[in-house]
Amino acid sequence: MLEYIDLKYKPSSDDLLCEYYLEPNEMSIEKASEHIAGESSIGTWTELSTMNREIAHKLKPTIYGIDHANKLVKIAYPSELFECANMPQILSSVAGNIFGMKAVKALRLEDIAFPKCILKSFPGPFFGIDGIRKLAGVKKRPLLGTIVKPKVGLSSDQHAKVAFDAWVGGCDIVKDDENLTSQAFNVFEDRVKKTLSMKEKAESITGERKFYMPNVSAETDEMLTRAEFVKQHGGEYVMVDILTVGWSALQTLRSFDLKRVIHAHRAGHAALTRNPRHGISMLTIAKVARLIGVDQLHIGTIVGKMEGSKLDVEEIEDEIEKPFFHPKKPAHALEQSWGEIKPVFAVASGGLHPRLIPDVCNMLGPNIIIQVGGGLFGHPHGVFAGARACRQAIDAAVKGADLEKYSRTHYELRQALDKWK
Ligand code: CAP
Ligand code: MG
């Protein structure tokens, strides 16, 4: 077995770094980590007649950290192992076969840091936070989004109508739900045309920029055709379910000369991220998504209906919103310096309603997009009132006003607080 462990090794700026949570299976964590290091790079289960010094010298990774108490292993991979601009290949290496190895009882890729040479080969976000704020003409406050509910079932006319009500009521953004694409009852092109024209009407009434995020998730060629259709019809955004379309399709969408805001929905992520002992962390997925180049990314709400601890959600927001060159922090081994890669706008969504909005603002700060689906479409007085209630809750949070007091002079908010205690 090749020697992979060198606890004195100091990773070079050319290494790709991974941190794994590793539960060994009837062997030492050292032995198990060597299996992982080998299988994720140049090794396999037995010695090879075809292995030679040169390959080993050039491509062998180094296990440079083993934390027995927390079962954490750090591995530095020489960048030559990877193909620049090829996310499938990178993840097939460091997040591929290894999860199924008998040498481990459980394995979770907790964090990843990309070296400059790989960083430079990906575009990152086209707009980033500053670009979106400029597009929206909203300098400071959190942006307010909603998701048309029911998730699916409305006709394209009904979809456009409720989107109009949400925009005029105060939403900046209206999005399709993750499982609405182009079903018989609501064909994509129809919905996009009607909803975009309602968007223009809402803009002229409110004097505010309004945005529609149509879900273009589909087979890659079809996805590109739909994205182009949105562009031709004046839409500024596309939304894509990044896990179900896949990393390669996301790279294709980003490389397409779209110049549209890419909103990343993470439907399916919890199959990978939820188990704290096995899988891939949302932090890792968020870094991959930022590198490929999404502009907005769901990261959780802490207080809503989806799991995701305060620590996790705040750490993900920190990481994706970190500016190009962040102030020198005590270098955590996997500290990612993002170079020219723009920051990504964090999205808090899932089980939110007006009463929870101040908590989200206080915990996740102003650089957040707050998306409220059921908590807006479930308002006792309908969509327009639901949007007004959510916008009033954001205004209260921005002013630091007490929500109950604020609701005495904001009727729609009062009604929402009465419904969702
Ligand atoms: C929220 C939502 C989003 C979730 C996804 C839904 O609707 O549209 O898909 O936010 O979760 O379908 O549940 P509600 P996450 O506001 O009605 O809950 O953002 O954690 O990926
Ligand atoms: Mg949804």
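In what follows, every heavy atom counts, from backbone to side chain, and hydrogens, waters and symmetry copies are set aside. Order of listing sets the numbers, starting from 1, for every ligand and every atom in it.
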Fill in the blank from the handout: Check: of G374, G378, A348, min heavy-atom distance to atom 17 (O) of ligand 1 comes from G374
Practice task
Answer whether the closest heavy-atom distance between the side chains of S281 and T273 falls below 4.5 Å.
Solution key: no
Practice task
For H265, counting its heavy atoms only, list the atoms of ligand 1 lying under 4.0 Å from any of them.
Solution key: 3 (C), 5 (C), 9 (O)
Practice task
Considering only non-hydrogen protein atoms, determine which one is nearest to atom 10 (O) of ligand 1 and report residue, atom name and distance to 0.1 Å.
Solution key: S349 OG, 2.6 Å
Practice task
Considering only non-hydrogen protein atoms, determine which one is nearest to atom 11 (O) of ligand 1 and report residue, atom name and distance to 0.1 Å.
Solution key: M306 CE, 3.5 Å
Exercise for the section: Could you point out which residue of V230, L180, T225 forms a side chain to side chain contact (heavy atoms under 4.5 Å, CB included) with F188? Expected result: V230
Handout entry: Protein heavy atom at shortest distance from atom 13 (O) of ligand 1
Key = K305 NZ, 2.6 Å
Practice task
Have a look at L283 and tell me which of E319, E110, E19, Q336 forms a side chain to side chain contact (heavy atoms under 4.5 Å, CB included) with it.
Solution key: E319
Exercise for the section: Check whether the ring centres of H298 and H263 lie less than 6.0 Å apart, and answer yes or no. Expected result: yes
Exercise for the section: Compute the minimum heavy-atom distance from K149 to ligand 1 and say whether it is under 4.0 Å. Expected result: yes
Handout entry: Heavy atom of the protein closest to atom 19 (O) of ligand 1 (residue, atom name, distance)
Key = H298 ND1, 2.7 Å
Exercise for the section: Can you pull out the closest protein heavy atom to atom 16 (O) of ligand 1? Residue, atom name and distance to 0.1 Å, please. Expected result: G373 N, 2.8 Å
Exercise for the section: For the residue pair R191 and S156, confirm or rule out a side-chain donor-acceptor distance under 3.5 Å. Expected result: no
Practice task
Indicate whether any N or O donor in one side chain lies under 3.5 Å from an N or O acceptor in the other, for D15 and Y9.
Solution key: yes
Exercise for the section: Could you check atom 21 (O) of ligand 1 against the protein and tell me its nearest heavy-atom contact, residue, atom and distance included? Expected result: R266 NE, 2.8 Å
Practice task
Assess G351 for proximity to ligand 1: is some non-hydrogen atom of it under 4.0 Å away?
Solution key: yes
Exercise for the section: Check whether any N or O atom of G350, backbone or side chain, sits under 3.5 Å from an N or O atom of ligand 1, and answer yes or no. Expected result: yes
Problem - Apex the Mg ion (ligand 2) - arms OE1 from E178 and OD1 from D177 - angle rounded to 10° - result: 80°
Handout entry: Donor + acceptor pair across side chains of H159, D176 (<3.5 Å)
Key = yes
Problem - Donor-acceptor pair between H379 and H353 side chains, under 3.5 angstrom - result: no
Exercise for the section: Measure from NZ or CZ of K74 to the centre of the six-membered ring of Y20 and say whether it is under 6.0 Å with the direction within 45° of the ring axis. Expected result: no
Problem - Protein heavy-atom partner closest to atom 12 (O) of ligand 1 - residue, atom, separation in Å - result: K151 NZ, 2.5 Å
Completion exercise
Going by the 4.0 angstrom heavy-atom rule, the piece of D177 near ligand 1 is side chain
